Amino acid sequence: MLEKTTAVILAAGQGTRMKSSLPKVLHGVAGRPLVHYPVRAALEAGCGEVVVVVGHGRDKVEAYLAGAFGARAEDLPEDRRGRVRTAVQKEQRGTGDAARSGLDAVRAEAERVLVFYGDVPMLTAADVAAVAKALDDDPVAAVAMATCTTDDPFGYGRVLRDELGQILEIREQKDLKSDAERAIKEWNPGIYAASVGFLREALASLTPNNAQGEYYLTDIVSFATKRGGRVVGVPSRPEVMDGVNDRAQLALADKAMIERLLQKHRVAGVTVRDGARIEDGVSIGKDAVVESFAVLRGHTKVGEGATVDVGCVLTNAVVGDGVVLRPYSVLSDSIVRARAQIGPFSHVRPESDIGEEAHLGNFVETKKTTMEKGAKANHLAYLGDGIVGEGANVGAGTIFCNYDGFSKHTTRIGKGAFIGSDSQLVAPVTIGDGAYVGTGTTVTKDVPADALAIGRAKQENKEGYASRLRSRLRAQKEAAAKK
Ligand code: UD1
Ligand code: MG
């Protein structure tokens, strides 16, 4: 339905109130930059094209958009890729000027334009589509716009209506003229629909005669009404229309977005405790449990019936069905396969592949290590650049010495091998299938299959020596005290 509609999204402002060197629209909400959400809403609403107006920090904003929405954006359904373009607003002279830059980039085929702001992350495709529909439904409307009503709309442009209730004008907070105007509870969340022709004329007419000396997009409303055109208001949900202008509002938007995501997972059959943080882009199978203070980010996927216990932090982690992640385990860019058990306090670093039913216990760190099916390392170990065979057991305190100061080397442990506690395996080194490494051994040579490697000094017991030693030491101490 919106195939011939182009969305123009304004994202060129610096966001002075953020007090940041990062452009405002790149500040994160639930794991994605602010600008991601309105662009996605436009695509989901079915807009044929999206033009994002960039300016301040333009290179960074363009690079983000190209990655997230370009022709090769893997996260996006194929039919939505490559529909986002940018237009440049050279100087930030206000939202009206930005819209003009955007309109210049709209293709001739477009019949209608939806304009909204890049700093309103919670709005959805339905909110945007409702405004487009209102324009279609009213044959004499020049503009359709969303409006919201709340008790304290401080900071937003207010909707001024005439005695018949028709919208006349939007007046910015700084331009309000009287207490009566300041008391108006209806405000402008900033979603507008109009024909390309109308918008072109309206934007050309703008002047910066206002408190901020800027070209206001909102003045297209009075332009329409002064020429006898109708402006249709679309009552909208205020809870999704909050703009982000400073870090306090950023925190509120983040909180609201996270709550929305938690609810989405709960409705889909995941038990999610209060206080968990699940960012946008994470997927979770049904009957999984995510406990309080767990943080799930990036491309993390959690399988059915898995448990992510208190305080776990997962970044781009793929966790299989029935996996148990015990408290305070940290996983990044790794795979944990079905029914494996991790933690508490395990650290699974990038490129680790923890096999089915494998176990990693407390204070075990892996990096670029594969644990095959049922392999175990239950306590206190560093396993870097390793391949641990099926069913092998790595004892407490084992270290894979993978780094010589210049290069990383691989430790290979065969199927069913047993590595005694407190061993060091100096890579590159291979332990054969079924081999034993005696406790406390420093392994520097390959160990053949089924062999025992033992590299510690032989133990000697001296009978009765302990009491002789004690007498001698006591006498020494007493002699020293007399001096
Ligand atoms: C704007 C509206 C206000 C509305 C509010 C809703 C105007 C004049 N005011 O105010 O009525 O209640 O949004 O959130 O439109 N931008 C540019 N170029 C510029 C200036 C801004 O691209 O020269 C972009 C910004 O990057 C931002 C968006 O436009 O994403 C809105 O700008 P902002 O300064 O936040 O406007 P508000 O003061 O919030
Ligand atoms: Mg704003």
Side-chain angles (χ1 to χ4, degrees), residues 7-18 20 22-27 29 33-39 51-58 60-62 65 86-105 115-123 127 143 145-150 152-160 167 169-176 181 184-192 202-203 206-223 233 236 238 240-250 252-253:
V8 173
I9 297 176
L10 311 186
Q14 176 179 0
T16 319
R17 290 165 276 180
M18 297 296 283
S20 175
L22 190 69
K24 174 169 81 173
V25 295
L26 291 185
H27 279 264
V29 165
L34 271 174
V35 70
H36 185 93
Y37 299 100
V39 173
V51 173
V52 181
V53 181
V54 296
H56 185 83
R58 125 175 212 208
K60 285 186 188 155
V61 180
E62 282 181 335
L65 294 170
T86 54
V88 179
Q89 182 193 20
K90 291 205 180 73
E91 244 182 282
Q92 280 65 69
R93 297 189 296 172
T95 52
D97 179 64
R100 201 149 46 192
S101 307
L103 199 64
D104 289 345
V115 186
F116 45 106
Y117 302 131
D119 64 352
V120 184
M122 290 289 283
L123 58 74
D127 300 306
V143 179
M145 62 172 287
T147 81
C148 289
T149 303
T150 51
D152 181 18
F154 183 85
Y156 291 109
R158 304 300 210 289
V159 179
L160 272 54
I167 294 177
E169 186 182 331
I170 306 301
R171 194 162 293 164
E172 291 306 296
Q173 177 77 42
K174 287 185 179 153
D175 298 289
L176 295 171
E181 283 182 4
I184 295 173
K185 292 186 162 49
E186 191 182 13
W187 51 277
N188 166 36
I191 308 173
Y192 320 83
L203 292 174
L206 299 181
T207 57
N209 300 327
N210 52 56
Q212 303 184 76
E214 288 185 355
Y215 293 90
Y216 286 167
L217 171 58
T218 42
D219 287 345
I220 63 170
V221 170
S222 54
F223 177 83
S236 300
V240 302
M241 294 296 179
D242 282 330
V244 172
N245 300 305
D246 59 31
R247 307 234 190 184
Q249 290 168 330
L250 185 73
L252 291 174

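Numbers here are sequence positions counted from 1. Atoms within a ligand are numbered from 1 in the order they appear, just like the ligands themselves. The structure presented is a predicted model; accordingly, all values stated were derived computationally and were not measured.
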Can you list the ligand 1 atoms lying under 4.0 Å from a non-hydrogen atom of [X]?
| X | value |
| --- | --- |
| Q89 | 17 (C), 18 (N), 19 (C), 22 (O), 23 (O) |
| Y216 | 8 (C) |
| R93 | 23 (O) |
| A11 | 22 (O), 26 (O) |
| T95 | 7 (C), 8 (C), 15 (O), 20 (C), 21 (C), 29 (O), 31 (C), 32 (O) |
| N245 | 35 (O), 39 (O) |

Check: [Y] main-chain N/O paired with [X] side-chain donor or acceptor under 3.5 Å:
| X | Y | result |
| --- | --- | --- |
| K24 | V244 | yes |
| D175 | A211 | yes |
| R158 | W187 | no |

Protein heavy atom at shortest distance from [atom]:
| atom | value |
| --- | --- |
| atom 14 (O) of ligand 1 | Y156 CE2, 3.7 Å |
| atom 11 (O) of ligand 1 | E172 OE2, 2.6 Å |
| atom 23 (O) of ligand 1 | G94 N, 2.8 Å |
| atom 30 (O) of ligand 1 | L10 O, 2.9 Å |
| atom 28 (C) of ligand 1 | Y117 CD2, 3.6 Å |

Are any of the N/O atoms in [X] less than 3.5 Å from those in ligand 1?
| X | answer |
| --- | --- |
| G157 | yes |
| A98 | no |
| G243 | no |
| A12 | yes |
| W187 | no |
| G13 | yes |
| K24 | yes |
| R17 | yes |

May I ask whether [X] has any heavy atom positioned less than 4.0 angstrom from an atom of ligand 1?
| X | answer |
| --- | --- |
| N188 | yes |
| K174 | no |
| P189 | yes |

Would you tell me whether D242 and Q249 have side-chain atoms, one donor and one acceptor, within less than 3.5 Å of each other? no
Non-hydrogen atoms of F116 and P38 that approach each other most closely: CE1-O, 3.6 Å
So which heavy atom on A253 is nearest to which on V29, and how close? O-CG1, 3.9 Å
Parallel, tilted or perpendicular, as decided by the 30° and 60° cut-offs, for the rings of Y117 and Y192: perpendicular
Heavy-atom side-chain proximity of [X] to [Y] below 4.5 angstrom:
| X | Y | value |
| --- | --- | --- |
| I184 | L160 | yes |
| I9 | V53 | no |
| D127 | M241 | yes |
| V120 | I191 | no |
| M122 | Y37 | no |
| Q14 | Q92 | no |

Hey, is E169 close enough to R171 for a salt bridge, meaning N to O under 4.0 Å? yes
Can you tell me if, anywhere in Y117, an N/O/S atom lies at a distance from the Mg ion (ligand 2) that is smaller than 2.8 Å? no
Provide the atom name of the closest N, O or S atom of D119 relative to the Mg ion (ligand 2).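 Nearest to the Mg ion (ligand 2) within D119's N, O and S set: OD2.
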